[in-house]
Amino acid sequence: MTVTDAPTSTDDRPRRRRPPATTGVYLVKVVGLALLASVLISVLPSVAATGQWGFLAILVAIAALVVAVYATRRAIPAKYLLPGVLMLVLFLIYPIMLTFQLSTTNYGDGTRSTKPEAIARIVGTSAVQVEGGAVYSLVVGTQGSATSGPFAFFLVDTTNGDVFRGTETDFTALKPAEVTVANGLVTAADGWTMLTRAQVNAISGSNQPLDGFTVPAGDNAVIKVQGFQAITMRTPLVYDKSADTITNTDTGAVYHPQRSASGDRSFFVDANGHRLSSQSWGENIGTFNYKRIFTDSRITGPFLSIFAWTVIFATASVGLTFLLGLGLAIVLNDPRLRFQRFYRSALILPYAIPGFISLMVWAGFWNQRFGLINQMLGLDVNWLGEVWPARIAVILTNLWMGFPYMFLVCTGALQSIPADLKEAAAIDGASGFTQFRKITFPLLLVSVAPLLVSSFAFNFNNFNAIQLLTRGGPFSSDNPTAGGTDILISYTYRLAFGTGGQQIGFAAAVSVVLFILTGVIAAIQFRATRFLEDVN
């Protein structure tokens, strides 16, 4: 009998075929990718119109990555990792990068415009009316917000009806098909929204977006607003782009850009040091804002004292809320106590009330003349008008708002500790306090320590508690920017959006320093809690 050798297989197990995707899952995938594509297509024109090519490239790359991952049945791990990674990049890393980029600029009041826009305004403000110059009917259009622009003048020559669009950098003739004209005014244009007269009036005052807005018309001429019309005017100032100078053709004076003594902005100045205008512009100033934080005595003093108070506030808030929450949790964890559920529910009520409501109510409680605190205790303390009483009021208010959270956390941690450990310790003769110190508290910290670190980071940046209760005050007459209860985040907010002049670039630098400080402190705290790894 002849035996024929058959080929052997290294794996005799039957191969399992991956089940095909169900129709419902397939439809969800297709609809989701279609929605993503439609959103991207709708956003692309507006992003491209503003010239944000880097942001546009990022959007396209993200969309391509999502399609590449979810349009195939491969790359299973990436399907779960991609959403978290995108959220991390878009909502954490990208804002940090933007904030750092902003911190290297002088962006703020007086420096919001670009250099070409600032030059156009300097040239425009020196203009005088040209006898017999063209007169235009005027409508203001915007491609963005009605209050921040970008803006353009839509002009109709009252003599021949020609239509033009003018910005601070160019003057363009328009074809009849590009606009709609009615009663001598442009009423519509592709990609533009026409503003009403009320909207134009709102942005035409001093230091408003249309203050000094002029359109270059060639031959030392500009077009400037006069009432609800625009007229041609002549300017003696000529800007030489290659030399980066402005020359007064009437006097022959030449002005060069020069950094001011403060170091955060530039002006056009002649050979004798005389400024041509108070108009400055936004520019990159490198590490100047960071140097200012640590070298300017007007900033260093308040910054260090506010940093010290921020650490005190965060430490006291976490420590007191933890101790009070732990104490209440221990008391209510005794099974012999009646009405446990009722007491626990009552103690959670402060946590259930929205924080801003609690803060506004407590602000009334601390009122010197009519507040509940002074009336109940028979005191006459100006709680929110003096530094240390205000700080005590802030800490106590934050204690009221924060202890229910610590109570819930500690209650859960206590109930997770095995009762056998305490029973064994009791048999060995350990007292109740010894059981708590040697067993309960160390095991409790294993669960609670990370939450304490996160709570410290939260209170380190607890803007609402300061802004809604004291607004950072009280303030002294010699430094109206830094208040007695300001923490770093509220101080940064006031620098960026305060009434004394917005310094957004400098506030961004403070934010970066604050981010680094918070990260370093959190890292130190996590390192200090490593010993808890051996408790179990």
Side-chain angles (χ1 to χ4, degrees), residues 302 305-332 339 342-411 452 455-456 458-491 493-494 498:
S305 62
I306 290 173
F307 172 71
W309 160 241
T310 303
V311 174
I312 294 172
F313 167 73
T315 304
S317 295
V318 175
L320 292 177
T321 54
F322 174 64
L323 291 177
L324 181 57
L326 176 60
L328 292 171
I330 293 172
V331 171
L332 295 180
F339 308 114
F342 171 78
Y343 293 135
R344 286 172 176 170
S345 301
L347 290 175
I348 295 174
L349 286 178
Y351 193 55
I353 300 174
F356 75 94
I357 295 179
S358 296
L359 289 167
M360 294 177 68
V361 170
W362 274 94
F365 286 170
W366 295 115
N367 184 277
Q368 181 180 6
R369 295 182 59 188
F370 310 108
L372 180 66
I373 304 299
N374 278 349
Q375 289 188 2
M376 287 184 60
L377 302 178
L379 302 175
D380 188 29
V381 179
N382 187 9
W383 289 103
L384 303 183
E386 299 178 10
V387 174
W388 279 105
R391 290 178 174 179
I392 293 172
V394 169
I395 291 175
L396 291 178
T397 302
N398 213 32
L399 172 63
W400 165 262
M401 297 180 60
F403 85 87
Y405 170 74
M406 291 298 178
F407 166 71
L408 289 173
V409 168
C410 292
T411 297
L452 294 179
S455 181
F456 181 89
F458 170 79
N459 282 286
F460 199 84
N461 298 284
N462 194 346
F463 174 78
N464 288 342
I466 304 300
Q467 184 67 16
L468 295 178
L469 193 62
T470 65
R471 297 188 180 275
F475 298 92
S476 60
S477 57
D478 54 334
N479 192 350
T481 303
T485 58
D486 262 329
I487 58 177
L488 288 175
I489 189 65
S490 63
Y491 178 57
Y493 173 82
R494 189 170 298 104

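As the structure is a computational prediction, the values presented were derived from the model and not from experiment.
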Do Y493 and I489 come close enough that some side-chain heavy atom pair is under 4.5 Å?
no

If you measure from CZ on F475 to OG1 on T481, what distance do you get to the nearest 0.5 Å?
8.5 Å

Please report the closest heavy-atom contact between R369 and Q375, naming both atoms and the distance.
O-NE2, 4.0 Å

Measure the shortest side-chain to side-chain distance between V381 and Q368 over non-hydrogen atoms and say whether it is less than 4.5 angstrom.
no

For side chain to side chain contact (heavy atoms under 4.5 Å, CB included), just list the numbers for F313 and R391, CA-CA rounded to whole Å, side-chain angles, deciding distance to a tenth of an Å, and then say yes or no.
CA-CA 8 Å; F313 167 73; R391 290 178 174 179; over 6 Å; no

Point-to-point distance, once rounded to the nearest 0.5 Å, from CE of M401 to OG1 of T321
11.5 Å

Please round to the nearest 0.5 Å and tell me the distance separating atom OG1 of T411 and atom CG of L328.
8.5 Å

Heavy-atom pair of closest approach, residues A393 and L384
CB-CD2, 4.2 Å

Would you check if the side chain of S305 reaches a backbone N or O of P302 as a donor-acceptor pair within less than 3.5 Å?
yes

Rounded to the nearest 0.5 Å, how far apart are CD1 of I487 and CD1 of I312?
13.0 Å

Might you work through the side chain to side chain contact (heavy atoms under 4.5 Å, CB included) test for L468 and F463, ending with a clear yes or no?
CA-CA 8 Å; L468 295 178; F463 174 78; over 6 Å; no

Is the closest side-chain donor-acceptor distance between N459 and N398 under 3.5 Å?
yes

Could you give me the CA-CA distance, side-chain angles and deciding distance for R471 and S490, then say whether side chain to side chain contact (heavy atoms under 4.5 Å, CB included) is met?
CA-CA 8 Å; R471 297 188 180 275; S490 63; over 6 Å; no

So which heavy atom on T397 is nearest to which on L469, and how close?
OG1-CD2, 3.7 Å

All heavy atoms of P404 vs all of W400, minimum pair found to be CD-O, 3.6 Å

On a heavy-atom basis, the closest approach of L320 and I395 is CD1-CG2, 3.7 Å

Indicate whether any N or O donor in one side chain lies under 3.5 Å from an N or O acceptor in the other, for T470 and W366.
no

Can you confirm whether Y351 sits close enough to L408 that some side-chain heavy atom of one is under 4.5 Å from a side-chain heavy atom of the other?
yes

Are F356 and Q467 close enough that some pair of their side-chain heavy atoms sits under 4.5 Å apart?
no

F365 CZ to S358 OG distance, which is reported to the nearest 0.5 Å
9.5 Å

Please find the pair of heavy atoms, one from R344 and one from F407, that lie closest to each other, and give the distance.
CG-CZ, 3.6 Å

If the plane angle is over 60° it's perpendicular, under 30° parallel, otherwise tilted; pick one for W388 and W309.
perpendicular

Just verifying a value: how many Å separate I306 CD1 and Y491 OH, rounded to the nearest 0.5 Å?
5.5 Å

Heavy-atom donor-acceptor pair, T485 side chain to G473 backbone, under 3.5 Å:
yes

In the structure I gave you, are the side-chain heavy atoms of F322 and C410 within less than 4.5 Å of one another anywhere?
yes

Using side chain to side chain contact (heavy atoms under 4.5 Å, CB included), reason through F307 and V311 one step at a time and then give a plain yes or no.
CA-CA 6 Å; F307 172 71; V311 174; 3.9 Å; yes

Is any side-chain heavy atom of L324 less than 4.5 Å from a side-chain heavy atom of M406?
no

